[in-house]
Amino acid sequence: MSWADEVAKRLPSMIALRRDFHRHPELSFQETRTAEVIAERLTKAGLDVRTGIAKTGVVGVLRGDKPGKTIAWRADIDALPLTEMLDAPFASGTPGVMHACGHDGHTAIAITAAEVLAARRAELPGTAVFIFQPAEELLSGAKPMIEAGVLDNPRVDEIYGLHLTTQDKAGTVNVRRGPTMASGDGFNVEVTGKGGHGAYPHLSIDPMTAAAHILIGMQNLVTKEVAAKETVVLSVGQIQAGTKNNIIPDKAVMRGTLRTFDLDVREQMLGRLQSFVADMARAYRAEARLDLTMGCPPVINPERETQLVHRCAVDELGESAVVEGHPVMASDDMSLFLRARPGCYFRVGISPTHSRSVPHHAPEFEMNEDGLPVGLRVALGVLRSRLGA
Ligand SMILES: [Zn+2]
Ligand SMILES: [Zn+2]
């Protein structure tokens, strides 16, 4: 059987698998059923399977019958805290949880790619490592997986992966070298004052006034301390303080996110924010602390490996289906794998053709499944070419 037949034969099972994951979504670090299905399929295909890595992560190792390089493929497997609005027969069966980012598709593609390669093991040089990572949505799954040694045992030479996107039409692939996705750092600012009666603010230390100045001041840092050519976004999404109009509270808490494409700018801003917050609070006799809650560097695709993926995509789909889009301000902890090893993270279109595309992380999120075979073909093209099959 040819490679193309091997792929064609498995398309219905890949779609069924994606719909099964979609029907049974699980939140970050709770992907137990998902992990069981992955482990069962990989074991059946003949891979060496390890489970329970970084709580719910799974790794499958496929050793070809010939010596060669070790190439990893990474897929993220978690869903989001949303209630699905579509009523497809495979819509989420768990209220409040939904695959609204396409990770169900990533998982199905990776499993199917492993099954196709496993069927051709006899002619396969090297080793393919399939990494199924939990908790991408918390930007918290890649780090513990790397610490657990998924890139070292066996020693991975290069790592690749894809993200499905409704920003691109199904049938297209978006391969971009250099900065592709932004860093993402969550932060908490806790401002502590001294509560009291709203009639006598001079007898209190008002944490909310200090917090208001900190909020505006942080925006000024973006424009006054970073070169204009750099891209930085700082957004505060939560402010919590107080219980009543005439009570000055003890504390005010703000939560926000910082994003950029440059590692030095990220370091500079995170350092400046720490001292700025404390200094600004002091000006109002309050105290403040900034704590980072979660974070990852930007996704930066190296030149050589990006060119290799671009060539594979063109070979599979033709020149016109492969685009180089703009970098996006979304973040993905695939960046940590790409800091540890060379590789490339690219995007595969799943925009519906019959209607307007809906953004990821929305309850109306919908995937055009025509993008899945495209993702599978390019994934296999990359794996085969990097392994030398
Ligand atoms: Zn997401
Ligand atoms: Zn995602």
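Numbers for residues simply follow the sequence, beginning at 1. Keep in mind that this is a model prediction, so the values were computed, not measured. All values below were derived from every heavy atom in this structure, side-chain atoms included, with hydrogens, water molecules and symmetry-related copies excluded. One-based numbering, in listed order, for ligands and for the atoms of each.
Applying the salt bridge (charged side-chain N to carboxylate O under 4.0 Å, His left out) test between Asp333 and each of Lys143, Arg74, Arg339 identifies Arg74 as the sole match.
Residue side and main chain included, His163 places an N/O/S atom under 2.8 Å of the Zn ion (ligand 2).
Protein contacts to the Zn ion (ligand 1) involving N, O or S atoms at a distance below 2.8 Å are Cys101 SG, Glu137 OE1, Glu137 OE2, His361 NE2.
Looking at residues two or more places apart in sequence or on another chain, you find no salt bridge (charged side-chain N to carboxylate O under 4.0 Å, His left out) involving Arg176. In this structure, Arg384 has no salt bridge (charged side-chain N to carboxylate O under 4.0 Å, His left out) partners at least two apart in sequence or on a different chain. Considering only residues two or more places apart in sequence or on other chains, Ala286 meets the side chain to side chain contact (heavy atoms under 4.5 Å, CB included) condition with Val191, Ile205, Ala210, Ala281.
Listed for the Thr172 side chain is no donor-acceptor partner under 3.5 Å among the backbone atoms of Ala321. Not a single donor-acceptor pair under 3.5 Å links the side chain of Asp291 to the backbone N or O of Asn188.
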